[in-house]
Amino acid sequence: MPLNAGAETDYCSVPESASETAPLLAPVPIHQWQPMNREQLETTAGGSGWRAARCYLVVLFWLAWMAMLAVAAVIVVISPKPVPMSLKWWQKCLFYQIQPELCPDVQAEGSEGINVVCEHLPYLRSVGVGALILQGVFYKKASTANLTELTESLETKTQIQHLLTEGNKADLRVVLDICEVNLLGNEIIGNSNTPSNHSATDVLRFWLEQGVAGFVICDTDPAFSVETLLGWREVFEEFSAQQEERILLVKQTSDVLRPLTVLTQSNITLVNMVMRSILPKSQQPLSSEEVAKAIATQLQTGQEDMWTSWTFGGEASDELKRLLMVLMMTLPGSPAFKYNEEIDRTWDEKTPHSEVALFSALIHSKSREEVLLYGRLTFLPFNTTNSFSLSPFSNSSVSSPPVLAFLRSWGCMQFLVLLNVWPEPLSLDPAWTPSLPENWVFVASTGMNRVGLTSLYSIKLQPYEALVIKLFQPGD
């Protein structure tokens, strides 16, 4: 049977006009693209008006961009920002309280003992001390008749004049402590009934002429009154210059400082600085709970209108003294150390390097960081869910002692200070740590061994440890 049997006659048939050599598919013609001229572009874009519209849109874009830039500049200019105030020398100063007769190195009599003190002056200046507060110079029962005479340990005023001269060479100011000295009592010369011709202002003027930078009185002294201090202020102004202001410090011995109100002149300053103790007075070292309550009370009290000079106050263990030194150097105000406290260990060759490094880091930050000079203080409560109470009147037991912490803020800069006054390690509250910024710089710790920190969230404070951390907000 033929293969094409039954098939339609036109199946696979070739047209008679077709050639066997012609291709089955016709080639597709190649289109040649030609650039459009101006008229064709305008026609395609919708006419000549499109060009004007496009120009208007470009101009509008740049005008809007310039307007936003101008608004941003105005916001930056008019937005409130912290302006550093001009600080006086005593507001940037580290004070050092010394009583020559109590110094073990100053057991020699006469000028030889003062010379031993003078030998330490260059070193004290090199570690950042700016002024000495000379204590125990006058008899407690001294009056204006003999206030130019000193105690037996110093013999004559010639030796204190020598100290003033050496202090001036070392660029150290000297402040005299006349706390509890009777300046306003019975001004009688010797045992006679002859009244003294000297007044309290005459005595102040005598020592100011010798180069004394100021005086310290107590809030319990009769001299701590508006009437008396108004007269003293006039004397201070006679010897004060722009960078050499003579100052008056008041030791606060009571819980609340008695206010001084000047009705006639509201802008006059009677007291330049108040010396406050962090710890209450005690004969024995305070416990960790007592120290924690005292620190928390000071942090929650808030900043006073008057500039503060901080001292240790009561007794504490050696471990807590280093923590208190960190606290004093990071609180608002001017720290005032005493002889035989942490600062004296820095000149001992046997002192561990970490203690020297800690003090150097703190004094460097205190003098250079604006946030530590001007910044406000914010107390940060930790571990609020436990049963421990920081109230000074609380008698509750310690189940989970908290980390004491506060923040110093100035503009975009912040310093976070963490304090563990307890003999066991403590961790930060996990519910609080996520609010910490990711960018930070380690500044100091009591052990100066925290260089390897990688995350604030995993910090565990060691017993009696203090940490100082500089925080950066996003965009800094």
Side-chain angles (χ1 to χ4, degrees), residues 88-93 95-100 114 117-118 121 125 129-140 142-151 154-185 187 196-218 221-251 260 265 268-275 307 309 334 336:
K88 307 291 186 179
W89 68 264
W90 42 272
Q91 294 174 316
K92 301 180 290 185
C93 185
F95 289 86
Y96 182 74
Q97 305 174 73
I98 185 171
Q99 188 169 344
I114 288 296
V117 176
C118 294
L121 298 184
R125 185 63 185 132
V129 175
L132 297 179
I133 298 179
L134 201 57
Q135 299 176 325
V137 175
F138 304 105
Y139 291 104
K140 294 298 183 182
S143 67
T144 56
N146 59 4
L147 200 57
T148 57
E149 300 177 1
L150 310 182
T151 59
L154 299 178
E155 294 186 353
T156 65
K157 61 179 179 292
T158 304
Q159 292 148 32
I160 191 173
Q161 291 169 337
H162 174 62
L163 180 62
L164 290 170
T165 301
E166 295 300 316
N168 185 57
K169 292 179 181 178
D171 194 23
L172 276 172
R173 296 175 174 86
V174 177
V175 177
L176 294 183
D177 189 337
I178 56 175
C179 182
E180 298 181 358
V181 174
N182 183 18
L183 286 181
L184 304 179
E187 299 177 1
S196 169
N197 293 326
H198 298 284
S199 65
T201 54
D202 292 333
V203 174
L204 298 179
R205 187 175 285 106
F206 169 82
W207 286 111
L208 291 173
E209 289 175 349
Q210 309 304 314
V212 170
F215 299 90
V216 179
I217 63 173
C218 288
D221 291 344
F224 187 63
S225 65
V226 174
E227 296 77 9
T228 301
L229 296 184
L230 280 174
W232 287 20
R233 178 52 56 185
E234 295 178 359
V235 178
F236 288 171
E237 291 178 353
E238 294 179 16
F239 295 88
S240 295
Q242 184 175 4
Q243 298 297 330
E244 292 296 332
E245 182 180 3
R246 307 304 173 93
I247 64 172
L248 179 66
L249 293 79
V250 174
K251 287 184 181 179
L260 297 175
Q265 297 174 321
I268 192 171
T269 301
L270 299 180
V271 176
N272 300 100
M273 188 160 51
V274 175
M275 299 185 67
W307 195 265
S309 177
S334 304

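One is the number of the first residue; the rest follow in order along the sequence.
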- Note on the structure: Heavy-atom nearest pair, Q161 first then F206, reads NE2-CZ, 4.5 Å
- Hey, is the main chain of A241 close enough, under 3.5 Å, to the side chain of E244 for a donor-acceptor pair? no
- What residues form a salt bridge (Lys or Arg N to Asp or Glu O under 4.0 Å) with D177, not counting sequence neighbours? K251
- Reported CG-to-SG distance for the pair L164 and C118, which is rounded to 0.5 angstrom: 9.5 Å
- Query: Excluding sequence neighbours, so at least two apart, what forms side chain to side chain contact (heavy atoms under 4.5 Å, CB included) with Q97?
  - Reply: I133, Q135, M275, T311, A336, K338
- Note on the structure: Here the gap from R233 atom CZ to L204 atom CG, rounded to the nearest 0.5 Å, amounts to 11.0 Å
- With sequence neighbours left out, write down each residue that passes side chain to side chain contact (heavy atoms under 4.5 Å, CB included) with L229, or none if nothing qualifies. I217, F224, W232, L248, L260, L270, V271
- Mind checking salt bridge (Lys or Arg N to Asp or Glu O under 4.0 Å) for R246 and listing every partner two or more places apart, or none if nothing turns up? none
- Message: Run the side chain to side chain contact (heavy atoms under 4.5 Å, CB included) test against K169 and tell me which residues pass, sequence neighbours left out.
- Response: T165, E166
- Message: For the residue pair W90 / S334, report whether a side-chain donor-acceptor contact shorter than 3.5 Å exists.
- Response: no
- Item | salt bridge (Lys or Arg N to Asp or Glu O under 4.0 Å) against R205, all qualifying residues, sequence neighbours excluded | D202, E238
- Query: F236 vs F215 aromatic rings, parallel, tilted or perpendicular, using cut-offs 30° and 60°?
  - Reply: parallel
